Visitor: 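Dumping the structure here so I can ask a few things about it.
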Amino acid sequence: EVQLQASGGGRVQAGESLTLSCAASGIRVADYAVAWFRQAPGKGREGVSCMSTFEYTEYYADSVKGRFTISRNNARNTVDLIMSDLKDEDTAVYYCAVDGRGWPASLYCAGRGSDYWGKGTLVTVSS
């Protein structure tokens, strides 16, 4: 059984940092493109950051460039989203996902679907 277990969400003040972690079981993240998506209250799902399978090409939504970093650890079989300088508009439920179809990172984040999704973790940023 494939599972993606996201953790690390919580409530923080604007300007603070938070790291989300996604632990995979039943698959090797090294074999997949990996991603973090988010869904804010009343909005659609947004691709926050994606990393391609073998080239390790990274894509970031304009709203998070320079503040968020995606990191894949093949040895630990995890995918992290390191978030800094958090803003109110980063408040959302964050989901990790993986896909094995070889999409470039930018297209994966644009919404080409995912093979597997984790349950979300809530990040609340208050000013």
Side-chain angles (χ1 to χ4, degrees):
E1 180 186 6
V2 176
Q3 285 192 337
L4 300 177
Q5 183 66 51
S7 62
R11 182 183 294 273
V12 296
Q13 296 289 314
E16 292 185 340
S17 300
L18 202 61
T19 296
L20 305 182
S21 187
C22 179
S25 58
I27 58 167
R28 298 191 322 153
V29 296
D31 296 333
Y32 290 82
V34 298
W36 286 91
F37 292 82
R38 70 184 180 187
Q39 187 161 18
K43 295 189 177 181
R45 189 169 58 201
E46 173 191 22
V48 175
S49 180
C50 297
M51 178 183 285
S52 62
T53 308
F54 300 116
E55 300 82 10
Y56 284 66
T57 305
E58 299 172 19
Y59 169 86
Y60 296 92
D62 287 344
S63 58
V64 306
K65 274 181 186 174
R67 300 188 298 119
F68 289 14
T69 302
I70 191 170
S71 174
R72 176 169 55 191
N73 188 315
N74 293 336
R76 292 174 53 224
N77 214 28
T78 59
V79 183
D80 290 346
L81 184 68
I82 304 155
M83 306 184 293
S84 63
D85 190 22
L86 283 160
K87 304 177 185 301
D88 292 357
E89 53 264 38
D90 295 318
T91 294
V93 178
Y94 285 73
Y95 301 88
C96 59
V98 300
D99 189 81
R101 291 170 289 175
W103 293 112
S106 58
L107 291 183
Y108 184 19
C109 265
R112 290 296 188 271
S114 293
D115 288 336
Y116 303 105
W117 289 90
K119 292 182 181 179
T121 185
L122 176 63
V123 174
T124 304
V125 184
S126 57
S127 54

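Small disclaimer: the values here were computed from a predicted structure and weren't measured.
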Visitor: Can you name the one residue among Met83, Glu89, Arg38 that meets side chain to side chain contact (heavy atoms under 4.5 Å, CB included) with Val64?
Guide: Arg38
Visitor: Just verifying a value: how many Å separate Asn77 CG and Ser25 OG, rounded to the nearest 0.5 Å?
Guide: 8.0 Å
Visitor: Dump the intermediate steps for side chain to side chain contact (heavy atoms under 4.5 Å, CB included) on Tyr60 and Thr69, then the final yes or no.
Guide: CA-CA 8 Å; Tyr60 296 92; Thr69 302; 3.8 Å; yes
Visitor: What heavy-atom pair brings Ala105 and Ser52 nearest, and what distance separates the two atoms?
Guide: CB-N, 3.9 Å
Visitor: Would you say that Glu46 contacts Cys109 through its side chain, given a criterion of any heavy-atom pair below 4.5 Å between the two side chains?
Guide: no
Visitor: Are Val98 and Ile27 side-chain neighbours, meaning at least one heavy-atom pair lies under 4.5 Å?
Guide: yes
Visitor: Pick from Val123, Leu18, Val125, Val12: which one makes a side chain to side chain contact (heavy atoms under 4.5 Å, CB included) with Asp90?
Guide: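 That would be Val125; it is the only one of Val123, Leu18, Val125, Val12 passing the side chain to side chain contact (heavy atoms under 4.5 Å, CB included) with Asp90.
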Visitor: We want to know whether Glu58 and Tyr56 form a side-chain donor-acceptor pair, criterion being a heavy-atom distance below 3.5 angstrom.
Guide: no
Visitor: May I have the step-by-step check of side chain to side chain contact (heavy atoms under 4.5 Å, CB included) for Ile70 and Asp80, ending in yes or no?
Guide: CA-CA 6 Å; Ile70 191 170; Asp80 290 346; over 6 Å; no
Visitor: Once you round to the nearest 0.5 Å, how far does CG of Asp31 lie from CG of Asp99?
Guide: 12.5 Å
Visitor: Taking all atoms of both residues into account, what is the closest heavy-atom pair of Lys43 and Gln39, and its distance?
Guide: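 Looking at all heavy atoms of both residues, the closest pair is O-NE2, 2.9 Å.
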Visitor: Using modelled atom types and a 3.5 Å cut-off, is there a donor and acceptor pairing between side-chain atoms of Arg67 and backbone atoms of Ser63?
Guide: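 Yes, Arg67 side chain to Ser63 backbone: donor-acceptor pair under 3.5 Å.
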Visitor: Let's go through Ile82 and Phe68 carefully: what are the C-alpha distance in whole Å and the side-chain angles of both, what is the deciding distance for side chain to side chain contact (heavy atoms under 4.5 Å, CB included) to 0.1 Å, and is it a yes or a no?
Guide: CA-CA 6 Å; Ile82 304 155; Phe68 289 14; over 6 Å; no
Visitor: Sequence neighbours left out, what passes side chain to side chain contact (heavy atoms under 4.5 Å, CB included) with Ser17? Give chain and number order.
Guide: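 Ser17 satisfies side chain to side chain contact (heavy atoms under 4.5 Å, CB included) with Ser84 once adjacent residues are dropped.
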Visitor: Starting at OG of Ser127, measure out to CD of Gln13 and round the result to the nearest 0.5 Å.
Guide: 8.0 Å
Visitor: Would you call Val29 and Asn74 a side-chain contact if the rule is heavy atoms closer than 4.5 Å?
Guide: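 Yes, side chains in contact.
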Visitor: Quick one: do Tyr32 and Trp103 end up in the same hydrophobic cluster if we chain Ile, Leu, Val, Met, Phe, Trp and Tyr together by side-chain heavy atoms under 4.5 Å apart?
Guide: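 Unlinked, Tyr32 and Trp103 end up in two clusters.
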Visitor: Would you name the heavy atoms of Thr53 and Ala33 that are closest together and state the gap between them?
Guide: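 Looking at all heavy atoms of both residues, the shortest contact is OG1-N, 3.0 Å.
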Visitor: Between Tyr95 and Leu4, is the side chain to side chain contact (heavy atoms under 4.5 Å, CB included) condition met? List the steps.
Guide: CA-CA 9 Å; Tyr95 301 88; Leu4 300 177; over 6 Å; no
Visitor: Using atom types as modelled, flag every donor-acceptor pair under 3.5 Å from a side chain in residues 112-121 to any protein atom, sequence neighbours excluded.
Guide:
residue	atom	partner	partner atom	Å
Ser114	OG	Tyr108	OH	2.8
Asp115	OD2	Gly100	N	2.8
Thr121	OG1	Gly9	N	3.1

Visitor: Might you confirm whether atom CZ of Arg101 has over 12 heavy atoms from other residues, nucleotides or ligands at distances under 6.0 Å?
Guide: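 Atom CZ in Arg101 is packed in, count exceeds 12.
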Visitor: Could you tell me if Asn73 and Thr78 have a donor-acceptor pair between their side chains, going purely by distance under 3.5 Å?
Guide: no
Visitor: Indicate the atoms forming the closest heavy-atom contact of Phe37 with Ala35, along with that distance.
Guide: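 Minimum heavy-atom separation between Phe37 and Ala35: CE1-CB, 3.5 Å.
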Visitor: Under 4.5 Å between any side-chain heavy atoms of Val48 and Tyr94, yes or no?
Guide: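 Result yes, sub-4.5 Å side-chain heavy-atom pair found.
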Visitor: Below 4.5 Å, heavy atoms only, C-beta onward: do Val79 and Trp36 meet side chain to side chain?
Guide: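 Yes. Closest side-chain heavy atoms under 4.5 Å.
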